[in-house]
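Working notes for the structure below.
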2 protein chains.
Amino acid sequence: MDDHKQQIAHFEQTCRAHGLKMTHQRLEIFHALVHSSEHPSAETLYSMLEKRMPTLSLDTVYRTLATFVDLGLVKRVETLGSKARFEAKIDQHHHFFCDRCGQLTDFTWQSFDASQLPETVQELGRVRDKNVILHGVCNQCLKAKE
Amino acid sequence: MDDHKQQIAHFEQTCRAHGLKMTHQRLEIFHALVHSSEHPSAETLYSMLEKRMPTLSLDTVYRTLATFVDLGLVKRVETLGSKARFEAKIDQHHHFFCDRCGQLTDFTWQSFDASQLPETVQELGRVRDKNVILHGVCNQCLKAKE
DNA sequence: CATCAATTAAGAATAAATCTTATCTGAGCC
DNA sequence: GGCTCAGATAAGATTTATTCTTAATTGATG
Ligand SMILES: [Mn+2]
Ligand SMILES: [Mn+2]
Ligand SMILES: [Zn+2]
Ligand SMILES: [Zn+2]
C-alpha cells in the first residue's frame, strides 16, 4: 500500500516538527502498527518486534506508544478488555469487536459518517468524533463452535 | 420514574431466579445504579453509598458489580479511562463522552438503531450490538473554558 | 566528532481489580 | 422465632497493566 509510505512520511515529519529523534525503535513500532490491522496491545507489539530487535524493551514500547498518542499519530482503541490496544489508522472508520476471541475488525460506513446527529445531542456539547462499535461473534469463532 | 420500579422488580426476579439472596448491599448498589445517570465506577458507587451504609466494603461493590454483569443486569461501559464504569440502563442507547471531564451522557438515536449495517460488515460475523460513541467537549467544560 | 535525547536494564511503584482466610451477619426457609 | 448457609466484612496479599526511577549505554543529529 502506498498509503503506508505516506503515513510513515507524515510520521517522520511530525517527529521532526516536535524535535523528536528518529530512533529505529520509534520507526519499527510505528511501522508495525501501520502494517497491522489487529489493533495490537503494547505486549503484542513487543512480541512482534523482539525477534527482529532483541534489545527492545517493553518499557520503550509503552513509552513510545504514549508519545505517539500524544502526537495524534496513534489512537488508543476503546475496548472492554483489560489491556490497551492501539492503531495507527487515523482516518475515519469503525470497529467490529468479537466478544469471544477479542478480534477487532475495521470497517467503513460512509452513510453513517455523513448522517446528522439528533438535535438533542448537539445540545450536549461540541462533538469531535462519531464512531460505531459493533459487538458480536466473528466468523472464525462461529465456525469453531460446532 | 416508574421505569425504575419495574427495573428493580426485574432485578429482584433475576436474583431469585438464580438463587441469589436479596441482601441490602445488592439492593442498594443496584438502586444507586438505576437512579444514577453518571455511569459510576466501583469507587464512585462506594463513595456514594458508604455514608448510608458505613459497613459497606469496596470489595463487595466490585464483587456485586461482577455478579450483576454476569446476570446481564448491568453493563460495563466502554471508555478510554482506566477505571471501569457501569450502568444499569439496559435499553438501547448511545454515549457522548466528554474528553475533558470524563462525563458520560446517554442519548437515543432511533434512525440509527433502525439503519442497516453495510453489507461488508454482515460478512464479518454475527452482530449482537450496535452502538455509537461520540467524543467531544461537554457544555459545562466549554463554558468553564473562558 | 560531540552532545544529549532516547534506550536499556533491573527493579520499584501505582492503580485497579481480584482473591484469601477467617469471622460475622442476616435473608430465606421451617 | 430459630437455623442455616450464602454472602458480607476485615485485613491483607496477589495479580495485571502500566508507569517510574536510577544509572549506564547507545546512537541520531548537528
Ligand atoms: Mn481500527
Ligand atoms: Mn449509558
Ligand atoms: Zn472471534
Ligand atoms: Zn466536560
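So you know, we letter chains A, B, ... as the sequences are listed, proteins then strands, and number each from 1.
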Whole-Å gap separating [atom2] ([N]) and [atom1] ([X]):
{"X": "B:Leu20", "N": "D:dC5", "atom1": "CG", "atom2": "C1'", "result": "14 Å"}
{"X": "B:Leu80", "N": "D:dA17", "atom1": "CG", "atom2": "P", "result": "18 Å"}
{"X": "B:Arg85", "N": "C:dA16", "atom1": "CZ", "atom2": "P", "result": "13 Å"}
{"X": "B:Arg16", "N": "C:dA27", "atom1": "CZ", "atom2": "C1'", "result": "12 Å"}
{"X": "A:Arg26", "N": "D:dG27", "atom1": "CZ", "atom2": "C1'", "result": "12 Å"}
{"X": "B:Glu12", "N": "C:dG28", "atom1": "CD", "atom2": "C1'", "result": "14 Å"}
{"X": "A:Glu28", "N": "C:dA6", "atom1": "CD", "atom2": "C1'", "result": "16 Å"}
{"X": "A:Asp70", "N": "D:dT19", "atom1": "CG", "atom2": "P", "result": "10 Å"}

Under 6.0 Å between the ring centres of [X] and [Y]?
{"X": "B:Phe86", "Y": "B:His39", "answer": "no"}
{"X": "A:Tyr62", "Y": "A:Tyr46", "answer": "no"}
{"X": "A:His31", "Y": "A:His4", "answer": "no"}

TODO: Tell me yes or no: between the side chains of B:His93 and B:Asn131, is some donor less than 3.5 Å from an acceptor?
DONE: no
- [ ] Go through the side-chain N and O atoms of B:Asp106 and B:His95 and say whether any donor and acceptor fall under 3.5 Å apart.
- [x] yes
Below 3.5 Å, can you tabulate the donor-acceptor pairs from side chains in residues 65-75 of chain A to any protein atom, sequence neighbours excluded?
| unit_1 | atom_1 | unit_2 | atom_2 | d |
| --- | --- | --- | --- | --- |
| A:Thr67 | OG1 | A:Arg63 | O | 2.9 |

Kindly say if [X] contacts the phosphate of [N], meaning a side-chain N or O under 4.0 Å from OP1 or OP2.
{"X": "A:Lys21", "N": "D:dT29", "result": "no"}
{"X": "B:Gln25", "N": "D:dT9", "result": "yes"}
{"X": "A:His24", "N": "D:dA28", "result": "yes"}
{"X": "B:Thr23", "N": "D:dA8", "result": "yes"}

Starting the side chain at C-beta, find the nucleotide from [options] nearest to [X].
{"X": "B:Ala84", "options": "C:dA6, C:dA17, C:dA27", "value": "C:dA17"}
{"X": "A:Thr64", "options": "C:dA17, D:dT9, C:dT7", "value": "C:dT7"}
{"X": "B:Arg63", "options": "C:dA27, D:dT9, D:dA28", "value": "D:dT9"}
{"X": "A:Tyr62", "options": "C:dC4, C:dA27, D:dT18", "value": "D:dT18"}

TODO: Calculate, to the nearest 0.5 Å, the distance between atoms CD1 and NE2 belonging to B:Ile133 and B:His135 respectively.
DONE: 5.5 Å
Task: From B:Leu58 atom CG to B:Glu43 atom CD, the distance as rounded to the nearest 0.5 Å - done: 5.5 Å
Open item on the list: Strictly below 4.0 Å, N to O, side chains only: are B:Asp91 and B:Lys89 in salt-bridge contact?
Closed with: yes
TODO: Map B:Met22 and A:Thr60 onto DNA chain C by nearest heavy atom, then report which one ends up closer to the 5' terminus.
DONE: A:Thr60
Open item on the list: So for the helix from C:dC1-D:dG30 to C:dC30-D:dG1, with five pairs setting each end axis, what is the inter-axis angle to 10°?
Closed with: 50°
Task: Full working for side-chain contact (heavy atoms from CB on, under 4.5 Å) between B:His35 and B:Gln7 - done: CA-CA 10 Å; B:His35 288 82; B:Gln7 218 174 140; over 6 Å; no
Task: Stretch residues 47-59 of chain A: residues that reach within less than 4.0 Å of DNA chain D through a heavy atom - done: A:Asp59
